[in-house]
Amino acid sequence: MAVETAAQATPGTPTLMALTVVTERSTRDVRVPPSASITDLLRELGLSGVGYVQTTSGRRLNPEDVVEDVLEQGDVLTAFPAQGKRGGRGRREVLVDESGRKGMVPAYWTLAVLGAVILLTRWSAYLTSGSTDGALMPLPGVAGMPGPVAFAGALGILAVMVAARGPRAGSSGTAATLAAVTLGGAAGALTVPDGGIAPVLLPLTVTLLAASAAAAVRYARTHGNPAAVGAGVLLLVTTVLGVIGAASIALGLTPVLPAAAILGITPLVLRALPARSLDVPDDVLIDISVAQRTAASVREQPEPAPSRVRKESVTAAVHSAVTRRSWGAMVVSTLALVTASYLLMSVSAEMLDRVGFLDRVQNISVVLVVMFVALAFALIPRRERLGAARIAPRLVAGVLLVLLLVWAVSVGLFTWTTAILLALMLGASALGVATPLGSGWRSVRWSRAADGFESLAAVLAPAVGLLAGGTLAYLRLLASG
């Protein structure tokens, strides 16, 4: 590959692209073949050991990117040297080396595990005994503040520091995102004392809102980077759940109704993920300048629409959609598992002995909504090709069926022998149905039947979830004045 400098350039060579490469010691105007890669360009200029190259708009280029796919005529490229690793006189420049920051990834995972352990310990005490006494070791007070509050403040500061740290080049930032959100949630859980109003909803709402605050800081810090996709998913989920919890506290509801309603809509959310995950910028699809007719819109400077669909824009859109879809499937699956577990825990043997009509409807609806969600989660991923979006819902579907059988044994509906036989029958039925669904011409007929069951389960789950939450009892109470 031949790279010409401005002094070597000759007129009449339209096949070469004019670029400017800025390094620590020089600025070079070059003409590059459009088919050359960024690595070829840097090699010809004698810039070995380059960590990354960045355009004036802040976009980082991959070494294998082709010049004509990611750049235009006259673009300026900047190479930033690594701290403490700058080339001296007569030596080659050594630019940014990101390997030194890879050691932070295990630390982020450690912090994420720490936050998750604190959350699990705290919430296990809430759900089993209704008190957090003994949930954590006694913590000494600091500056007149109770020990848990001081520890929560330290966790909150740590969560903000992790969230505000910039993403590493070429990294998805999953560890830092999870660490920031879990540490923020743990800080929120530690600030709520025992007792008071809404003994379950209040600490849960504070936990969710604290986690959403950490997710918001992380999203703002990583905006425009692939790491922002996961942070955006967690920000949306924690904010929506926090608002639902706050509204439930204001209305004086028990946690059963919001948990049942959330469980009921999870199949619809899972079905909507493929369509909602893809986000293509408007300036790629349409020419915004055509719509600028008013004085207010003319004052704004829109981003210039690309002359064609580039490999860079397509790759970025597909990568964001895949990441958003995987994160969404895992978060929705986790949410369904948690809410279903809480619903089954809320229905005890004493509640099943009640003979009232509304009580019977609510108890039956709890079982039905768990079954509908498990059926929907097992069938919806049939068309998925992504590993996380296909495996996570199906895994949760199997766990929900196991939880349902364990709950039935615990309340005296079944014996362990009957439950094991039912589990074996369900497993054999799943294997027997999976075979014709995946092979042969009869798979079309079975697939159409599965579509019907999937749609029926997804549509009925929200309505049955509202019944499982005791909506009829609330409506009767409102009607009675």
Side-chain angles (χ1 to χ4, degrees), residues 62 64 102 105-106 108-109 112-113 116 167-168 170-179 181-182 215 218 222 225-238 263 265-280 311 314-341 373-403 426-427 430-439 443 446-447 450-451 453-455 457-458:
N62 296 320
E64 65 275 6
K102 293 181 180 179
V105 176
Y108 288 150
W109 283 116
V113 171
R168 182 168 55 89
S171 173
S172 61
T174 302
T177 300
L178 291 178
V181 174
T182 53
R218 181 65 179 169
T222 59
N225 188 277
V229 177
V233 173
L234 293 179
L235 173 60
L236 176 63
V237 173
T238 52
L263 177 62
I265 65 173
T266 50
L268 295 179
V269 176
L270 193 63
R271 291 191 70 176
L273 276 180
R276 299 298 179 183
S277 297
L278 185 61
D279 183 18
V280 181
K311 176 184 176 181
V314 173
T315 302
V318 172
H319 182 270
S320 298
V322 169
T323 307
R324 194 177 292 113
R325 196 165 175 176
S326 300
W327 274 83
M330 291 187 290
V331 171
V332 171
S333 300
T334 304
L335 190 60
L337 181 60
V338 172
T339 52
S341 302
V373 171
L375 180 61
F377 274 46
L379 295 178
I380 289 176
R382 288 178 297 117
R383 295 174 292 274
E384 281 286 354
R385 295 184 178 272
L386 302 178
R390 182 177 67 253
I391 295 175
R394 288 182 173 177
L395 183 62
V396 169
V399 174
L400 289 181
L401 292 178
V402 173
L403 288 177
L426 288 174
L431 291 176
V433 172
T435 301
L437 272 177
S439 61
S443 62
W446 283 92
S447 181
D451 289 340
F453 285 114
E454 172 193 329
S455 301

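Quick note: residue numbers are just sequence positions, from 1.
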Contacts of R325 that satisfy salt bridge (charged side-chain N to carboxylate O under 4.0 Å, His left out) - sequence neighbours left out: E384
Verdict with reasoning, R382 to D451, per side-chain contact (heavy atoms from CB on, under 4.5 Å): CA-CA 10 Å; R382 288 178 297 117; D451 289 340; 2.4 Å; yes
Residues forming a side chain to side chain contact (heavy atoms under 4.5 Å, CB included) with L268, sequence neighbours excluded: A458, P462
Side chain to side chain contact (heavy atoms under 4.5 Å, CB included), paired with V233, selected from T238, T323, V331: V331
Contacts of A116 that satisfy side chain to side chain contact (heavy atoms under 4.5 Å, CB included) - sequence neighbours left out: none
Heavy-atom closest pair, residues A336 and L400: O-CD2, 4.3 Å
Minimum-distance pair of heavy atoms, taken over all atoms of G230 and T177: C-CG2, 4.3 Å
Heavy-atom closest pair, residues V181 and A215: CG2-CB, 4.0 Å
Quiz: residues 269-278 side-chain donor-acceptor pairs under 3.5 angstrom, not counting sequence neighbours:
| residue | atom | partner | partner atom | Å |
| --- | --- | --- | --- | --- |
| R271 | NE | E454 | OE2 | 3.4 |
| S277 | OG | L273 | O | 2.5 |

Heavy-atom closest contact (A374 atom, L401 atom, distance): CB-CD2, 4.0 Å
Partner residues of S333 under the side chain to side chain contact (heavy atoms under 4.5 Å, CB included) criterion, sequence neighbours left out: F377, A392, P393, V396
Candidates T266, L337, I265, T339 - the one meeting side chain to side chain contact (heavy atoms under 4.5 Å, CB included) with V373: T266
Shortest non-hydrogen contact between A329 and A388, atoms and distance: CB-O, 4.4 Å
Contacts of type side chain to side chain contact (heavy atoms under 4.5 Å, CB included), residue V402, not counting sequence neighbours: V406
Heavy-atom pair with the smallest gap, counting every atom of L234 and W327: CD1-CZ3, 3.6 Å
Trace of the side-chain contact (heavy atoms from CB on, under 4.5 Å) decision for W109 with L178: CA-CA 8 Å; W109 283 116; L178 291 178; 3.7 Å; yes
Expected output: side-chain R394 to main-chain I391 donor-acceptor under 3.5 Å: no
